[in-house]
Amino acid sequence: MPMYRTIGAVVVLLLMLIAGTFTAVKLSTDYLLDNDATSTARNWARYVTENVKDLEEIAAGERPSAASMVFFRLAQNVGEVFRYEIFNRYGYSQFVSDRGKISPVDVSEYNTEAARSIATGQPIVNAKKGEGLEWPPFFAQAYVPVIVDQHSIAIVAAYVDQTAQRNQFYKTFLITAASLCALTGAAFGIPAFAWYRRTKEKQQVDRRVRFLAHHDVLTGLSNRARLVDKLGQALTELPARGCGLALHFIDLDRFKEVNDTFGHDGGDFLLKTIAERLRAVTRPGDVIARIGGDEFIALQTAIKSKDEADEFAHRLTSALTMPMQFNGQAIVPTMSVGVALAPADGDTSERLLKSADLALYRCKTDGRNCIRFFQPEMDAELLARIEIEKTIRKAVLHDGFELHYQPTFEIASRRLIGFEALIRLPAEDGTLIPPAVFIPVAEDIRLIDQIGAWVLREACRTAATWPPHLTVAVNLSPAQFKAGSVSAIVADALEQAGLAPHRLELEITESLLLGESESIMAQLRTLKKMGVAVVMDDFGTGNSSLSYLWRFPFDKIKIDRSFMLAFGESGHDAETVVKTIIALGRELHMHVTVEGVETSGQATFLDQVNADMVQGFYFGRPVPACDVGADILADFQRATAKDTFPLEAEAILRLIK
Ligand code: C2E
Ligand code: MG
Ligand code: MG
């Protein structure tokens, strides 16, 4: 039953109770007044009968005796009787006393009430309201038969002033009624009020629970359940409407970093601001939801073309990526947006969300901070990704990775100086998944730390078995620096393997320095202090900001293999750039290695331009640890003076055995 009807029913009930109480008290009062009048009149009549000896004579029309007159005068002041009349046995008035005037009546009048009282032998009482000044406001007129020897000899009519009683009764009645009403009101009202308050609170709690069941607490946007509901509804209405939908799946880039830098308050502030901006940029009818920590959805309804969705996605990102101020500091959010269109990319909520998620995944693999639309081939990519994730997890659990080693040569002497450890992930079918494919996935699923530590331990352990002049280079992913424990892991790997620190080279890429974090610089300095060489890998790609080279004293620069790929091609001046980087390295006292050397022509060129080291298929492909011995042996054989390398000879013999 709705609340207002319940309240109405309670009010009606209360009014009925009050009315009932008033009626009951009024009836009782009237009854009491009636009784009072009757008994007063009766008493007075008895008093008159007992004291007036010539009553029968008076009733017969004779003048009262002197004694009776004295009595009548006295009787005037008895009780509340302000007037009395004496009637004869036929109902005719004979004598009247009215406020000081006591006399036989001038003209005898017949009174029906008096006659009736005589006939029945019963008193008759009428309550009356006095009109005019000579009457009291409320009085009772009582006809009482005077019975002598069982015969009514006369009727005494007494007018009893009941104003005082009535006022007294009414006062009492009012107090009683008011108290009763108050009590009744309290008896019903207090529980009713308590019930009303409880119901109201319950309704509020219910409303809140219902709201929370469908909304995100922090931002007040719809939650996943409500989004799926609304999306399903919108999809079923599509055919009738003849238009389309676009589901924009928004993921904040590096939200964790915002949380780490600005604390949870900063993170919450960012999420709330994004929600506000979403509200501002969408139309009524569009649905906006927060479906995960940093994941939002904007459901754009009633669109006619993909262009509309594209235009909206751009409007969305430019609105959401505007800088915001938190505690005097600027937060500049970036985000990835995956877009799926309905009905083309899915006609159920589940499928459409999946399509948008796949498009979002593409954003992430494309470096984030971009918009991607769903493409049908993304399904297959997702399956492949799931497969890779599974293989990585298995390999982490069962030591399933392999390390291959690619030789590095000093170009001038053509002597082997070390190897770069390159990780491989064997797939179910025995093929090897290249690191470029699975390392980003391992970073994504946060297993890179474990894998990186394994690579370090394994590479150091293997290098410790090589001749002591050979180095080993290990690639480090930027994600490994986040925990701040790289130097400890490196120290541990060196110690366990018993490898001298100068034999280990750590390769990092420019992307590590992008954040310009002091913590990263500090970690690099610690590594260098430990005696480990720090190498800038893949130089010439990415941002290639020279400032990175000035900011940290790298031991070596490795020129990316893309320069060798472009070598000799007209239109590319790869040779000049390589020459310039080598010269720069000289100036900065950094060795320069050139990667991806595949031809003798490239090798000759690098020799001429004074590169320090080379690495590439021309000199040697990455091989499993067990085949490294062959490379070392070949190098040893190339060396002319065999006995100048006694240590190498011993080590090689050990390896070959
Ligand atoms: P990188 O450090 O620049 O390694 C050199 C890559 O170039 C290797 O690819 C190597 O096989 C390839 N390469 C070498 N010489 C030639 C050549 O003459 N021609 C061509 N076409 N390619 C050549 P790989 O092993 O697939 O590794 C790719 C990248 O994966 C590496 O690039 C490195 O950035 C990363 N990586 C490899 N191992 C690890 C690891 O243990 N940890 C991390 N974090 N990253 C790794
Ligand atoms: Mg490398
Ligand atoms: Mg490289």
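Read the numbers this way: they start at 1 and go in the same order the structure lists the ligands and their atoms. In what follows, residues are counted from 1 in the order of the sequence shown.
- For K272, the salt bridge (charged side-chain N to carboxylate O under 4.0 Å, His left out) criterion is met by no residue, not counting sequence neighbours.
- Taking the charged nitrogens against the carboxylate oxygens, D357 and K354 have no contact shorter than 4.0 Å, which rules out a salt bridge.
- Ligand 1 is surrounded by Q406, E420, L422, I423, R424, P435, I439, V455, N475, L476, S477, E507, D537, D538, R561, E595, G596, V597, E598, G616, F617, P622, each with at least one heavy atom closer than 4.0 Å.
- Using a 4.0 Å cut-off between charged side-chain N and carboxylate O, R362 and E377 make no salt bridge.
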Would you be so kind as to tabulate the donor-acceptor pairs closer than 3.5 Å made by side chains of residues 325-341, with sequence neighbours excluded?
from, atom 1, to, atom 2, distance (Å)
T334, OG1, D253, OD2, 2.9
S336, OG, D253, OD1, 2.7
S336, OG, N369, N, 3.4

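- Within the sub-2.8 Å shell of the Mg ion (ligand 2), the protein contributes these N/O/S atoms: E420 OE2, N475 OD1, E507 OE1, D537 OD2.
- Aromatic ring pairs are classed by plane angle as parallel below 30°, tilted from 30° to 60° and perpendicular above 60°; the pair F401 and W454 is tilted.
- The residues K482 and D449 are annotated as not salt-bridged, no charged nitrogen and carboxylate oxygen being separated by less than 4.0 angstrom.
- Under the 6.0 Å distance and 45° angle rule, R315 does not count as a cation-pi partner of F312.
- Salt bridge annotation for K364-D444: absent, with no cationic side-chain nitrogen under 4.0 angstrom from a carboxylate oxygen.
- The pair K556-D612 fails the salt-bridge criterion, with no side-chain N (NZ, NE, NH1 or NH2) lying under 4.0 Å from an Asp/Glu carboxylate O.
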